[in-house]
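Inspection log for the structure reproduced underneath, given as structure tokens.
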Amino acid sequence: MAASLHYCDTHGVDLMQALIDESIPTLAKAIATVGIEDSNWTSMIGRSREANLADISLPCFAFAKQLGQSPDSIAQSIVNAVDVESNSAMGEVMASGGYVNIRAATSWLANRLLSPEPLAESEHIMIEHTSANPNGPFHVGRARNAILGDTFVRMYRAAGKKVTAEYYVDDMGKQVGILCWAMENLSETQVNQILESKELLDESSQHSQKADHQRVKWYQAANVLKVEDTSVDEGVTTLVQLSEEANEDVLNRFDAAYQPVLDGMLETLGRMGITFDSFTKESAFIIDGSVEVLMNALEKSELHGTADNGAHYLELESKGIKGKSTKFYYRRGDGSSLYATRDLAYHQWKWTQAEQLINILGEDHKLQSRQVSIALDELNIPTPDVVFYAFTKLADGKMSTRRGNVVYMDDLLDEAQIRAQQVVNEIRSDLDETTIHQISEAVGVSATRFNIARISPEKGITFRWEDALSLDKDSAPFIMYSHARACSIYRRAGDQSLPTSINVDELSPTAIELIRRMAKMQNELNNAIKLSRPNLFCDWLSGMAADYNRFYRENHVITDDGINLQNLLLNELSRDHLRRGCEAVGIIPIEEM
RNA sequence: GGGCGCGUCGCAUAGCUGGAUAUUGCACCGGCCUCCUAAGCCGGGAAUCGUGGGUUCAAAUCCUGCCGCGCCCGCCA
């Protein structure tokens with residue numbers, strides 16, 4: 001085996017930011033010469049929009065009025081006055097279209113890439129995502145939350161943050177109440193009869209014996225039954241009321257009803273590489289009394305009001321909430337709390353666990369989330385950051401576990417694996433069955449995740465099998481293939497001791513592009529995190545794979561004259577960047593495919 | 001009715017903290033495997049950035065009218 005580079009967990013430096021920082025003193029001298037008196041110009045330097053022209057750019061449009069010259073000629077004057085030679089970070093500095101365009105010196109980039117610096121100690125972040133009601137199997141509508149949430153967890157970790165992935169378990173309330181009532185009152189025969197009568201019985205899934213797939217039938221049957229039989233609602237309501245009083249017996253029965261479902265859901269998520277560090281039950285905040293304390297505290301708010309029947313609310317009209325209902329009810333007439341109230345206590349608790357909170361929520365929770373934030377503010381509790389995503393709908397309508405109008409994730413992942421296997425069978429007939437299965441499972445899972453992670457969260461998705469399972473170029477397999485290719489070369493190169501520096505003069509254009517791409521990794525990651533858009537980092541990763549492939553075509557590691565060590569070094573840097581990029585978005589970086 | 005979001009080549013998608021020839025993939029057309037994985041590489045055609053107005057030296061990007069789509073507006077969760 002070749003000497004391996006061990007850069008994991010040591011890449012903390014944003015080289016584009018470093019380039020900006022190192023360019024500023026040199027630019028400042030030039031700008032003073034030209035006679036610009038705008039002290040704000042340093043904040044105008046940013047990443048260049050034209051990646052083929054420059055890494056960073058200074059737009060000169062704002063100086064035009066002051067100097068009475070065209071932006072273009074100002075840019076040219078600045079460029080003429082810049083002493084590039086004195087700055088090791090700066091490569092080319094050129095004027096174009098009113099911009100001062102700066103490219104990093106390739107030698108500087110290469111050096112920085114080869115001597116990474118350790119990440120600084122970071123704050124602790126709690127990312128709460130998924131938190132789906134445990135009433136049935138994971139479906140593709142719920143998957144966007146989990147995939148997005150886990151991608152954030154991974155990206156933050158790749159950026160060196162300490163992250164707790166948190167799942168809020170809704171262990172009280174109507175949904176589990178219905179499930180529990182059904183499990184206790186309906187026989188399997190009854191359930192099957194009810195579902196059959198409504199043509200809801202579907203045992204076509206390979207996973208129909210899995211606990212979550214089994215128990216959702218009881219949930220669906222109870223929902224059908226309660227339309228005709230009012231005693232269902234009565235039974236459920238009694239249970240729900242008791243659960244809200246933290247009745248131990250009822251909470252235990254709820255637990256018994258939903259836990260196998262939750263386990264089934266977590267198994268599905270585990271297959272996608274999605275795991276949690278912490279599970280918190282909603283009932284915990286009733287039991288410890290914190291909900292009651294908060295409700296009492298809210299009465300001191302200036303927004304507080306009381307309804308005729310004794311219910312308590314906050315009037316939010318003055319806080320910019322518009323529409324029919326500006327009242328945020330947090331205590332019912334009978335004195336009990338509501339879901340949102342418990343959410344307040346939950347947030348209060350979360351702040352004891354981390355310095356930053358991020359919630360991943362569907363766009364249907366926007367109003368609710370705003371109300372909760374205002375209430376938190378009234379309680380002097382900080383508000384969390386929230387990432388919203390638009391819904392995934394089926395071509396023929398909205399997904400619903402209750403109505404059985406869903407595509408289950410278990411089935412989607414099966415199908416993804418099968419489709420991937422068809423491809424692997426075709427091009428890797430040399431591999432044994434077990435290996436082929438492992439590869440196709442990794443490809444299927446990665447492709448499914450990437451096809452969601454690469455889309456802007458606020459954009460609605462219409463589920464189509466072809467799209468969800470696409471193995472095309474702009475997808476996970478393309479990236480995985482590039483990584484596997486780099487691994488293959490690493491294996492073939494054998495045990496080599498790698499050079500400690502890169503001779504820039506010998507680099508081909510594709511090699512330079514590759515270095516430039518790698519140098520932007522941390523910047524792209526930081527940017528995607530800052531803007532809450534994982535799709536931006538997905539773009540970088542696709543581009544990284546493409547640049548590696550171009551490099552691979554032109555620059556051979558294994559040649560007739562032996563091993564080209566410089567190209568091997570670039571191959572190893574690429575392999576490392578691809579692997580870390582994959583891990584940051586939930587693609588499995590397999591070593592062979 | 002009110003609030004929030006979305007509308008970019010045939011399809012999908014990037015860019016939206018104003019700025020340089022609007023990105024990428026699929027599909028379509030044409031090249032490249034005696035050479036480290038062709039799930040690849042190179043080249044080509046294809047876009048009134050939903051639509052009308054405004055702000056600006058500069059608008060896909062900001063403001064606004066309209067059209068279309070989605071989500072929300074429970075003492076539910």
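Chain identifiers are assigned alphabetically (A, B, ...) following the order of the sequence lines, protein sequences preceding nucleic acid strands; residue numbering begins at 1 within each chain.
- In summary, the aromatic rings of A:Y313 and A:Y330 are positioned with their centroids too far apart to meet the 6.0 Å limit.
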Give every pair of a protein N or O atom and an N or O atom of nucleotides 18-22 of chain B that lie under 3.5 Å apart, one pair per line with the distance.
unit_1	atom_1	unit_2	atom_2	d
B:G19	OP1	A:R49	NH1	3.4
B:G19	OP2	A:R49	NH2	3.4
B:G19	O2'	A:Y99	OH	2.7
B:A20	N6	A:S48	OG	3.1
B:A20	N6	A:S57	OG	3.1
B:A20	N1	A:N101	OD1	3.0
B:A20	N1	A:N101	ND2	3.1

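- With B:C75, B:C72, B:C16 as the choices, the nucleotide that has an atom nearest any side-chain atom of A:R533 turns out to be B:C16.
- Comparing B:G74, B:C36, B:G3 by their nearest atom to the side chain of A:H556 picks out B:C36.
- Candidate nucleotides B:C75, B:G74, B:C73 were compared by shortest atom distance to the side chain of A:L338, and B:C75 ranks first.
- The side chain of A:E244 sits closest to B:A77 out of B:A77, B:G3, B:A14.
- Taking atom CD of residue A:E572 and atom P of nucleotide B:C36, one finds them 18 Å apart after rounding to whole Å.
- A:Q371 comes within 4.0 angstrom of nothing in the nucleic acid, heavy atoms only.
- Here the side chain of A:R332 is nearest to one of B:U13, B:C76, B:C73, namely B:C76.
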Show each protein N/O and nucleotides 38-42 of chain B N/O combination with a separation under 3.5 Å, one pair to a line.
unit_1	atom_1	unit_2	atom_2	d
B:A38	OP2	A:R485	NH2	2.6
B:A38	OP2	A:Y552	OH	2.8
B:A38	OP2	A:R553	NH2	3.1
B:A39	OP1	A:Y481	OH	2.7
B:G40	O3'	A:N549	ND2	3.4
B:G40	O2'	A:R485	NH1	3.2
B:G40	N3	A:R553	NH2	3.3
B:C41	OP2	A:K473	NZ	3.0
B:C42	OP1	A:R550	NE	2.5

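- Residues A:R485 and A:E591 are not paired through a salt bridge, judged by the lack of any N-O separation under 4.0 Å between the basic side chain and the carboxylate.
- Against the 90° criterion about 0, the sugar-base torsion of B:C26 places it in the anti range.
- A:E592 comes within contact range of at least one nucleobase, with a heavy-atom separation under 4.0 Å.
- Taking only side-chain atoms of A:D474, from C-beta outward, the nucleotide of B:U24, B:A14, B:A77 with the closest atom is B:U24.
- With A:D55 as reference, A:K520 is the one residue of A:R47, A:K520, A:R103 to meet the side chain to side chain donor-acceptor pair (under 3.5 Å) rule.
- As a whole-Å value, the separation of A:K459 NZ from B:C16 P is 12 Å.
- Looking at heavy-atom distances under 4.0 Å, A:N555 makes contact with a base.
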